[in-house]
Amino acid sequence: MTVPVVALAALLALVALVAVVATGPAAVDLPGLPDAGSLTHWGLPVARVVSEVAAVGTVGWLLAAAVLIPAQQGRLGAVARRHGRAAAVSAAVWAVAALAELVFTASDITARPPGEVLDPAALRSFVSAAPQGRALLIVAVTALAIALVSATLMSTIAAGWLLVLACAALLPPVVTGHAAGSSQHALAVIALGLHITAAVVWMGGLLALLTMRALPGTTFFAALRRYSRLAAWAAGATAVGGVASAAVRLGGFGPLFDDRYGLLVLGKVAGLLTAVALGGLVRRRVIAAAATGDDAGAPARLGAFRRLAAVEICVLAATFGLATGLSQTAPPVNDSALPINPTEALLGYPMPPAITPGRLLSSWRPDWVFLGLVALAAGLYLTGIIRLARRGDSWPVGRTIGFLTGLTLVAVVTSGGLGVYGPVLLSVHMTQHMILTMLAPIPLVLGAPITLALRALRPASAPYRAGPREWLLAGLHSWPARVVTHPLFVTANFAGSLYVLYLSDLLGYLMNSHLGHFAMNAHFLMTGFYFFEVLIGIDPLPKRPPHPGRVLMLMAVVPFHAFLGLTIMSTSTVLGSSWYDHLVRPWGVSPLHDQGTAGGITWSFGEVPTLVVLLVLSVQWARTDERRAHTRERRVDASGVDAQLDAYNAYLARLNGDRPAPAKQAAPTVPPVPAQRGDTGSPTTGPGS
């Protein structure tokens, strides 16, 4: 049944794609302008849908090998290895389809037939000049590497890393597609990337379950339960990413019913809702019934799952075909064609009015990416607390207040007045980075989110040896975690990142991209989080220095910030000139004068956070010494011997030339004297007693 179902799903995807392309507007033939030809017109979307279907298979079979199929001591079983080989074949098809898409894309952009762009020199020129070409080449090379390694998979760790790599290979085309032309570039790209990755995981896992034939019934239903939980998250992420991406490209509700792009979006929504409904039937009729432990009904449940899953995967495949056709359709909001001024094109929004303290405090422009991440982090944190409460455990209120305070700071800094004026003035931009690096991470770290996750997550249940909690523990003890949390690394990163950014051309390069601006904020937030986690964190780390070493770490970074501030104040050239020279600001001081203010902020900002962290360190140090003293006292009380004190007294006696005092010993137990004959009461201890 599996092969016909997969073939039918692929056919439905192609049919949906052909229907979208055939009913789309015809290409306009203008005299004197070249045409790529009908081969490119049809070949490009077909190559794209084949690439997407192959990506689904690759991700799904790697997901089965790494996550769904139970492993023995980290080694893949026979069924998992077969899925690894299937992933290798699918990845090879993915690589070939990506190369074909590269050729057709070059033909489409250069308006030349595919035969003319097959020349190696022409392809090399296209790849070097066009972002789309570089993205597709990265996909093809990555898919080929996955194909070579997947054929010989033996461990779950290797399968997991290949799964991460396959998911990452889905993203390069997103950065150069329709989302790249949006004024809200970061939101559009991240939302579309989330949408595509979650949808591929959702459909790929379902495909992998349909191809599992040799697993015992109990093991298969365990894999189905694990996939069901994962599919619920993937479906939610698909919906959130799709809604955000469609909102950016549609610009409102009107085009949903009036524009061809909006009608295709509605078709995708209908397909995804149908797939969610079918998944709910699987959960209710198959998984819930399997939980009863009735072995006699296992064959019937397995048949019901395969029928429902076959319909669901066909619906998802048709939806993928619509999505591929949607990527070939011009959206209603095409920012690249709007006649806006250059400054608005750079900022992504109109130039704000002249800055005042009131406007800096009251302005608000939502950064939906950071607001979404803040909402997700708050939701997961509160969910963990609720799970502990249901289990009868408590969580300190102070930690909750601290973590939510840190999240609030992140939201205000990125979406409030600092976020609005940050791209306009370097002084505000520097304030934004200082808060994200040196202030917001402190309450986030004191909230101990990793400790909460370890307490709230349940250990893996049989037949699995690893689950989210075990993966988190493995990540904490992995070599990347040891590197990024090493005291020397976090100190160098905390002190040196600002130098690399502000004293090089990297500032202007990142400022010219909305995605680059997001990357800067995310980097400095994580840099501060790692640094303060090592200093005052509560969460478990591979290596944490003693308290004197932490004080030295804190004091070591203070001169670096002061020196950077003085360097910026004394610089006579505009930092990030490739950005600020093109930004027309009709109010305020010159960029060079504002740059001096930014240097002063860098020089002076670190004093208050440093004092706060030093106080926290002092309190933690005192509490640690107090706990050690109590622990030592309990050991002495339990044994009756204080070895350290006795050794110290012996050392003093040797210095004075005296004979060392004997070590204290527990008083010997004296046996009672037996009673004398004739006594009628207690035993006597001697004459006359």
Would you say that Val79 contacts Thr219 through its side chain, given a criterion of any heavy-atom pair below 4.5 Å between the two side chains?
no
Is the number of heavy atoms from other residues, nucleotides or ligands under 6.0 Å of Leu380 CG greater than 12?
yes
If I compare all heavy atoms of Leu153 with all of Gly84, which pair ends up nearest, and what's the gap?
CD1-CA, 4.2 Å
The criterion is side-chain hydrogen bond (donor to acceptor under 3.5 Å, both in side chains); which residues satisfy it with Ser228, sequence neighbours excluded?
Arg283
Could you walk me through whether His517 and Leu510 pass the side-chain contact (heavy atoms from CB on, under 4.5 Å) test, one step at a time?
CA-CA 6 Å; His517 194 73; Leu510 294 177; over 6 Å; no
Does any part of the side chain of Thr319, heavy atoms only, come nearer than 4.5 Å to the side chain of Met203, both counted from C-beta?
no
According to the salt bridge (Lys or Arg N to Asp or Glu O under 4.0 Å) rule, which pairs have a member within residues 74-95, sequence neighbours left out?
none
pair Trp94-Thr142: side-chain heavy atoms closer than 4.5 Å
no
Could you walk me through whether Leu507 and Met520 pass the side-chain contact (heavy atoms from CB on, under 4.5 Å) check?
CA-CA 9 Å; Leu507 175 63; Met520 277 191 291; 4.2 Å; yes
Going by heavy atoms in the side chains, are Leu102 and Phe126 under 4.5 Å from each other?
yes
Picking from Val59, Ile313, Leu316, what satisfies side-chain contact (heavy atoms from CB on, under 4.5 Å) with Leu207?
Ile313
Spacing of Trp579 atom CH2 and Leu347 atom CG [to the nearest 0.5 Å]:
5.0 Å
Steps toward side-chain hydrogen bond (donor to acceptor under 3.5 Å, both in side chains) verdict (Ser150, Trp61):
CA-CA 10 Å; Ser150 296; Trp61 284 313; over 6 Å; no
